[in-house]
Amino acid sequence: MVGIAEPLRVLVTGAAGQIAYSLLFGIAKGDVFGKDQSLILVLLDITPMMPVLNGVVMELEDCALPILKEVIATDKEAEAFKDLDVAILVGSMPRREGMERKDLLKANVKIFKSQGAALDKYSKKTVKVLVVGNPANTNCLIASKSASSIPKENFTCLTRLDHNRAQSQIAVRLGIPAKDVKNVIIWGNHSSTQFPDVNHAKATVKGKTIGVYEAVQDDSWLKGDFITTVQQRGAAVIKARKLSSAMSAAKAICDHVRDWWFGTHEGEFVSMGVISDGNSYGIPEDLIYSFPVAIKNQSWKIIEGLPIDDFSREKMKLTADELVDERDTALQFISSE
Ligand code: NAI
């Protein structure tokens with residue numbers, strides 16, 4: 001592990017974008033790696049965004065933060081990926097009006113193949129990678145496949161925002177703080193096929209910790225509107241804000257990386273998109289699929305053996321099928337290049 005005195009080198013891509021604007025402050029003030037861990041923040045964006053990125057650098061300087069040792073802003077992958085401890089890949093090609101899903105996937109395969117190769121070539125072999133840019137699961141798989149010298153376990157994608165949304169929906173329904181809802185699960189893809197599952201979740205109500213089904217006492221809501229609300233929350237935020245989730249995405253990124261770094265509490269799990277080896281819950285291998293994980297010594301482990309009913313199994317398969325399809329299309333693009 002890196003000693004306290006050594007600064008960590010942390011890359012954020014898409015650094016001139018709206019998620020990064022909230023995220024960089026969270027990281028630089030110590031929300032992720034602790035208040036005593038000094039940091040070198042490396043910011044990557046595309047060339048036309050360099051003037052905007054310079055403004056972000058100015059603001060980071062003006063925050064006068066105690067642990068921020070250095071900020072490096074660049075549009076060059078060779079510089080951005082050098083000696084990294086952590087890479088948070090937020091930047092991706094956005095979906096423009098009239099753009100087909102296939103075209104979006106193709107543009108992103110290109111970006112994440114190139115960034116995977118840059119991780120392979122320039123970063124530490126221990127680098128921890130979090131992919132946020134959509135389609136996050138498949139982008140993450142492509143980056144991992146393009147970085148054969150870095151363990152597959154070091155590649156994860158963000159489903160913590162969906163996890164936090166599910167946790168919060170239950171908390172609001174029960175009139176309790178979000179911290180009193182634990183062990184919700186997001187299975188599968190960070191898309192509208194994801195399966196938010198509270199069969200194994202617990203809520204603390206009036207000092208008593210019980211299962212969420214018992215606490216809510218409304219199975220049809222839990223199997224219906226609750227699931228669709230979480231699945232479509234991103235679209236609802238876009239409709240309301242005319243911009244996609246940024247503050248909550250940045251918070252979820254901080255949660256994901258902090259838990260990866262420091263571990264999860266005993267008996268608790270969180271959702272993360274991680275590599276499936278084909279041995280968990282009947283999910284096919286070679287997908288980045290969101291599972292419940294517990295983390296110790298900076299290594300995640302899938303929580304095995306949870307009982308799965310038919311309703312859940314069907315939903316877990318549906319989102320796996322979508323990921324298989326996305327992966328196969330992405331791999332076709334790579335082989336036809
Ligand atoms: P944004 O459009 O405000 O910022 C994206 C930034 O990425 C832009 O500055 C752009 O120039 C940059 N960029 C594009 N290509 C790049 C490349 N090859 N290298 C480096 N930078 C590049 O978008 P926002 O709101 O910050 O969202 C970023 C991504 O995160 C989107 O793909 C969005 O769909 C995704 N997202 C994922 C979530 C998740 O839970 N997994 C949640 C919310 C957003």
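Atom set for the values below is all heavy atoms of this structure, side chains included, hydrogens, waters and symmetry mates excluded. We count residues from 1, following the sequence as given. We count ligands from 1, going down the list as the structure has it; atoms in each ligand are counted the same way.
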Protein heavy atom at shortest distance from [atom]:
atom	value
atom 42 (C) of ligand 1	L161 CD2, 3.8 Å
atom 32 (O) of ligand 1	S92 OG, 2.7 Å
atom 18 (N) of ligand 1	I111 CG2, 3.5 Å
atom 5 (C) of ligand 1	G17 CA, 4.2 Å
atom 29 (C) of ligand 1	V90 O, 3.2 Å
atom 6 (C) of ligand 1	G14 CA, 3.5 Å

**Request:** For the pair Y281 and W187, name the ring-plane relationship: parallel under 30°, tilted 30 to 60°, perpendicular over 60°.
**Result:**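 Y281 and W187: perpendicular rings.
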**Prompt:** Parallel under 30°, tilted from 30 to 60°, perpendicular over 60°: which one fits the rings of W261 and F33?
**Reply:**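 Judged by the thresholds at 30° and 60°, the geometry between W261 and F33 is perpendicular.
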**Message:** Under 4.0 Å, counting heavy atoms only: does S244 come that close to any atom of ligand 1?
**Reply:**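 Checking ligand 1 against S244, which is what was asked, there is a heavy-atom contact under 4.0 Å.
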**Asked** Does ligand 1 have an atom under 4.0 Å from some heavy atom of Q115?
**Response**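 For ligand 1, residue contact (heavy atoms, under 4.0 Å) with Q115 is present.
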Are any of the N/O atoms on [X], whether in the backbone or the side chain, positioned under 3.5 angstrom from an N/O atom of ligand 1?
X	answer
Q18	yes
V132	yes
D45	yes

**Request:** List every atom of ligand 1 that sits less than 4.0 Å from any heavy atom of I46, numbering the atoms from 1 in the order shown and giving each element.
**Result:**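 Checking each atom against I46, I get 11 (O), 15 (N), 16 (C), 17 (C), 22 (C).
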**Message:** Only heavy atoms of M49, strictly under 4.0 Å: list the atoms of ligand 1 that pass.
**Reply:**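 Result: 9 (O), 11 (O).
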**Prompt:** Stepwise, does the side chain to side chain contact (heavy atoms under 4.5 Å, CB included) test hold for K145 with I334?
**Reply:** CA-CA 11 Å; K145 283 183 182 295; I334 289 193; 6.0 Å; no
**Message:** Less than 3.5 Å apart, any donor N or O on the side chain of R165 or S245 sitting next to an acceptor on the other?
**Reply:**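 Yes, a side-chain donor-acceptor pair sits under 3.5 Å.
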**Item:** Exercise: do S290 and Q194 side chains pair donor with acceptor under 3.5 Å
**Value:**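 Judged by distance alone, the side chains do not pair up.
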**Request:** Evaluate salt bridge (Lys or Arg N to Asp or Glu O under 4.0 Å) for D85 paired with K124, printing each intermediate quantity in order.
**Result:** CA-CA 6 Å; D85 296 295; K124 292 185 180 163; 2.7 Å; yes
Proximity to ligand 1 by part of [X], non-hydrogen separation under 4.0 Å:
X	value
M93	neither
H190	side chain
I19	both

**Request:** Identify the heavy atoms of I288 and G273 that sit nearest to each other, and give their distance.
**Result:**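 Closest pair (atom of I288, atom of G273, distance): CG2-C, 3.6 Å.
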**Request:** Determine the minimum heavy-atom distance between S146 and F112, stating which atoms define it.
**Result:**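 The answer is OG-O, 4.4 Å.
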**Asked** On the ring face of F311, is K315 found with NZ or CZ under 6.0 Å from the centre and within 45° of the axis?
**Response**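 Yes.
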**Message:** Under the side-chain hydrogen bond (donor to acceptor under 3.5 Å, both in side chains) test against S271, which residue among H256, R160, Q167, H163 passes?
**Reply:**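 Of H256, R160, Q167, H163, side-chain hydrogen bond (donor to acceptor under 3.5 Å, both in side chains) with S271 is met by H163 alone.
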**Asked** Protein heavy atom under 4.0 angstrom of atom 3 (O) of ligand 1, is there one?
**Response**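 Protein heavy atom within 4.0 Å of atom 3 (O) of ligand 1: present.
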**Asked** Heavy atoms only: which of V56, N134, L130, V52 is nearest to atom 36 (N) of ligand 1?
**Response**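 Considering heavy atoms of V56, N134, L130, V52, the nearest to atom 36 (N) of ligand 1 sits in N134.
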**Asked** To the nearest 0.5 Å, what is the distance between CD1 (I111) and CE (M93)?
**Response**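 CE of M93 is found 5.0 Å from CD1 of I111.
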